[in-house]
Amino acid sequence: MERYNHREIEQKWRDKWTAANVYKTTEDSGKKKFYILDMFPYPSGVGLHVGHPKGYIATDVISRFKKMNNYNVLHPMGWDSFGLPAEQYALKNKVHPRVAVEQNIMAFKKQLEKISLNYDWEREIATTDPSFYKWTQWAFLQMFKKGLVFQSNEPINWCPSCMTGLANEDLENGACERCGTPIEKKKIPQWVIKITNYADRLLADLDNLEWQDHIKELQRNWIGRSEGAKIQFKIKNEELKIEVFTTRPDTLFGATYMVLAPEHELVEKLKVKSIKNTEEIEVYQKETQTKTEIERTAEGKEKTGVKLEGVTAINPANGAEIPIYIADYVLADYGTGAIMAVPAHDMRDWEFAKKYNIEIKEVVQFLHVDKTKNSSPRQDLPFIERDAIIAIVKHWQENTYLTLKWKQVDWATFITGGIEDGQTAEEAARMEVLEETGYKNLKLVKFLGGLHSKFFHNPKNVNRFAHFQSFYFELENDEQDEISPEEQEKHSIVWMTKEEIKKTINESQLIDFERIFEDKIFTGNGIMVNSDEFNGIDSEVAKKMITEKVGGKMTVNYKLRDWVFSRQRYWGEPIPLIHCEKCGVVAVPENELPLMLPDVESYEPTGTGESPLAAIAEWVNTICPECGGDAKRETNTMPQWAGSSWYHLRYIDPNNENILIDKDKEKYWSPVDFYVGGAEHATRHLIYARFWHKFLYDIGAVSYDEPYKKLQTVGIILAEDGRKMSKRWGNVVNPDDVIERFGSDTFRMYEMFMGPFDASVAWSTESLIGPRKFLERLWKFFGRGFSDVTDPQIEKVLHRTIKKITEDIDAMKYNTAIAQMMILLNAMEKFKAMTVRDMEKFLLILSPFCPHIAQELWAQLGHDTFILQEQWPSYDVQYLIDDEITLVVQVNGKVRDTITVNAAISEDEAKTIALASANVQKHIDGREPKKIIFVKGKLVSIVV
RNA sequence: GCCCGGAUGGCGGAAUUGGUAGACGCGCUGGACUCAAAAUCCAGUAAUGGCAACAUUGUGAGAGUUCGAGUCUCUCUCUGGGCACCA
């Protein structure tokens, strides 16, 4: 037998498979369908590196596995070929984008073919193909007709380097996701899709998807649902009202000023007659506009704003007259673009109010329910309410604090006590300190605020619901009165350091203690104060009550923004709309689709906010399909995400000229059963595609309302140096080189063996040797010939391997599946004797991973069939059962012996054998076993 | 700051979900073959002590629950990712 020659074998079988068209897929109602999809690549100029095919290999393994298990599998591939990079590549290399895309697709395809992925290439699609984008445009027109598309003149995100507007999703930390250039706000007319109409469904339907939880969580955060209230504030001496959205209507009594976004329309209206400092306002508005997103949101940036002089608002809760500001910390496009500011309970408002000396009014106080062992409230006791004080007293010289250690029980506190009638809280605090410790000369440093606590008062054996006011004093000297004998009996005075306090004092008092050192504001829920009739109730409950009282209404808000859909670039689908002076904006008639992207002299971006298409007069000038008069075409193009939002459907029916997708075919194949791709698409492509698909569902074009039933993300392959593979670092590994040297099978196997599928692992050419050696050893084993019977030891491992691989492929645990095949080969080499029949089983389970060598050896065994079309082997349970098992014997939790026993051993027998072990006896050391635990099939644990 | 993950030998990683930690692979060490090297094969490989049997320690750190914890609970450190003035 010749040496394992991967080049010869792999080329031979690739040719044969292609000639026989083995990957062709047709509808077959007799079989269960399985649609498995890769995120299609962007055919860039640089070609594939070793990381790209990882996901493709995985889906290829599953696809082959499913085919061998009698599924009718749809496994297609295509190209996401519109968009900026192609255009930029074309500009740089002075070729037309169409030509560049064609070349790049050819190059990509050539690379992919070497890996022998079982795609049905007859279903290949490209988003730049007019027969494809006809339907992208068609779907857009349906949205337009349903009123889901509107034109906006609001400032949008503009990338000055890419010279195009961008959607919210295209930003990364306030910069362009592609080029890293800080985003500016620019006012240009934009087509926007009301994706927010779908926010609730996009959120709710996540629950029914078999996606990884962290991806769902990412989408939930991106959609950003928050519940709150809309409340209106009257403006004094004006007919106008300010409407705000707030998640904290309970804090309304604490709203001491209001803020409008600088771009808020009310500002312009108020300028007309009320605002006295118009000039100052306008300077600030200009500043806001020219700032980049990054400048506006820079971390640690001090808040800025300008007061609207001459205008005030009325707080609807208490009638208070409060000032109005404009400030750029309020965003125009979230909520109503205006807020009620509650500096006592919102960090941002607090910063602002401190800077501009605005009243800070506390309306919610912390409610602490003690959860520590000794102090958590007892279920069986009622709460006794009490107004009380806490006094924290610092030593006159040292860094220690006064505490009381109770003598009867294990309990230490600061000085606490009730407030008597006619006493102020501070008076009560001073009195308690004097009574309990005798210290007299207190200097008040800080009032720490209110705090409510539910706890079990251990010394007094009652449940307390205490309403504390807390004070921080410093002692001026050690002057001290005599303490009464009763007090002395109760507790002793202990001076504690910070560290000691943190260890001994109960939770709620610790919160007070921390307030000494930190300027913290309370932003949580708690007990209402300073809020008239709502005082004393739970702030969570007060939300609805206060909203109702002031005539507001509870509502829901989303962070998700509408989808800015216009790009001022050449290489995209033309937006099929026509501007007519008489008729307004009119849709291009559907029978004129596709609206072809015209050729153009210069497709460079203009940078003015106008698309390069605007320069082609003969294309732009058209007639209005409604009135027949002169009209102009829309010249913006669609974003790259348009085509990828529905491409999964087109594979099902790639050549249909009459309809987006044939309903019967769609019903047969849809939805995608398994979708594999990069996690970076979690908040863009996967949001857009879900939206687009849901829209198609709503208009009856498809029959299932989610596109991707199950989603799995791929972990990226890092370069050998641990960095990302990039031309810039010069650390890119090309799959062509690896396949040439080691073979496609080795390459495929290694990528699946590297680690867990969704983990990012560094490439290692050194480790690649492992899978290669495995294949060489298999080849060699084959050369040795076969026996009439298989060694029972091999048989056992073989059937376990079949079981494990069957399960592992389903669970996407390829690394352990391959490890198991290695274990099998190790056993084969050790025990040698194996029948042809059993070897066939091995080849069948190997074939999804390494199709070429499996097919070659399959043929060498005399088969003239394609292994892909064979049946997946089943395992025989009789080989899974062990007659003998190894029991672990522990003494006090430590392994002292292992004993080999019959699998059916009884508990008593096992215990007897375990106790008989010499080493076990040594560790029992004559003591009497307290307890012997027996776990069937696992262990005997002896406790002495 | 907020929301998700992750941390196991020299390296990539296993661990039936609470039951012998380190499967499998790489690397490394020793041996066989060879004039020699590569390749291949055999043996070893968590650390420490011991000729060995074995003992002690050991899954980022610290506490806890348990006969028993990589796995469960709490606190913390480091780290990857996402979001970030979202009211």
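Lettering of chains follows the sequences in order, A, B, ..., and the numbering in each one begins at 1. For clarity, every value in this text was computed on a predicted model and none was experimentally measured.
Here A/Arg896 does not reach the OP1 or OP2 of B/C54: none of its side-chain N or O atoms lies under 4.0 Å away. When the side-chain nitrogen and oxygen atoms of A/Asn221 are compared with OP1 and OP2 of B/A84, none of them lie within a distance under 4.0 Å. OP1 or OP2 of B/A55 sits under 4.0 Å from a side-chain N or O of A/His923. Between A/Thr683 and B/G82 there is no side-chain N or O to OP1 or OP2 distance below 4.0 Å.
Comparing B/A46 with B/C11, their P atoms are spaced 14 Å from each other, to the whole Å. Comparing the C1' positions of B/G18 and B/C3 gives an interatomic distance of 29 Å, to the nearest angstrom. Taking atom P in both B/C83 and B/A14, one finds a spacing of 27 Å when rounded to whole Å. Comparing B/A7 with B/U16, their P atoms sit 14 Å apart, to the nearest whole Å. Taking the C1' atom of each, B/A38 and B/A47 are spaced 34 Å apart, rounded to whole Å.
Stretches of at least 3 consecutive Watson-Crick or G-U wobble pairs, with each checked distance under 3.5 Å, appear in RNA chain B as B:1-7 with B:77-83, B:10-12 with B:24-26, B:27-32 with B:40-45, B:46-49 with B:54-57, B:60-64 with B:72-76.
If you check every strand for non-hydrogen atoms under 4.0 Å, A/Asn919 touches sugar and phosphate atoms only. A/Asn826 comes within 4.0 angstrom of the backbone, heavy atoms only, and of no base. Counting non-hydrogen atoms under 4.0 angstrom, A/Leu218 reaches the backbone sugars and phosphates but no base. As judged by a 4.0 angstrom heavy-atom cut-off over every strand, A/Val330 is placed among the base-contacting residues. Using a 4.0 Å heavy-atom cutoff across all strands shown, A/Arg777 reaches sugar-phosphate atoms only and no base atom. Within the nucleic acid shown, A/Lys930 has no heavy atom closer than 4.0 Å to any nucleic acid atom.
Under the 6.0 Å cut-off for aromatic ring centres, A/Tyr356 and A/Tyr257 do not qualify, their centroids lying 6.0 Å or more apart. Aromatic ring centres of A/Trp350 and A/Phe522: separated by at least 6.0 Å.
Nearest approach of A/Asn892 to A/Val944, heavy atoms of both residues: OD1-N, 3.0 Å.
Donor-acceptor pairing under 3.5 Å is recorded for the side chains of A/Tyr334 and A/Ser226.
You won't find any donor-acceptor pair under 3.5 Å spanning the side chain of A/Lys559 and the base of B/C83, going by distance alone.
Using a cutoff of 4.0 Å between basic side-chain nitrogens and carboxylate oxygens, A/Asp250 and A/Arg248 are scored as salt-bridged. Using a cutoff of 4.0 Å between basic side-chain nitrogens and carboxylate oxygens, A/Glu263 and A/Lys185 are not scored as salt-bridged.
In this structure, the CG atom of A/Leu825 is 15 Å from the C1' atom of B/U40, given to the nearest Å. Atom CG of A/Leu824 and atom P of B/G25 are 12 Å apart (whole Å). The NZ atom of A/Lys773 sits 5 Å away from the P atom of B/U40 (whole-angstrom rounding). The separation between A/Asp333 atom CG and B/A87 atom C1' is 13 Å, rounded to whole Å.
Base orientation of B/G9: syn, since the glycosidic angle falls within 90° of 0. Syn is the conformation of B/U17, whose glycosidic angle sits no further than 90° from 0.
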Produce the list of close N/O pairs, under 3.5 Å, pairing protein atoms with atoms of nucleotides 15-23 of chain B; give distances to one decimal.
from  : atom 1 : to       : atom 2 : distance (Å)
B/G19 : N2     : A/Gln890 : OE1    : 2.9

Could you list, one pair per line, each protein nitrogen or oxygen that sits under 3.5 Å from a nitrogen or oxygen of nucleotides 46-52 of chain B, together with the distance?
none

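Annotation: of the two residues near RNA chain B, A/Glu217 and A/Gly337, the 5′-most nearest-nucleotide partner is A/Glu217. For the pair A/Gly770 and A/Gly755, both in contact range of RNA chain B, the more 5′-proximal nearest nucleotide belongs to A/Gly755.
The listed nucleotides are B/A87, B/G25, B/G27; the one nearest the side chain of A/Thr246 is B/A87. Closest to the side chain of A/Pro756, out of B/A87, B/G25, B/G13, is B/G13.
Counted within 6.0 Å of NZ on A/Lys724, heavy atoms from surrounding residues, nucleotides or ligands total 12 or fewer; the atom is thus considered open.
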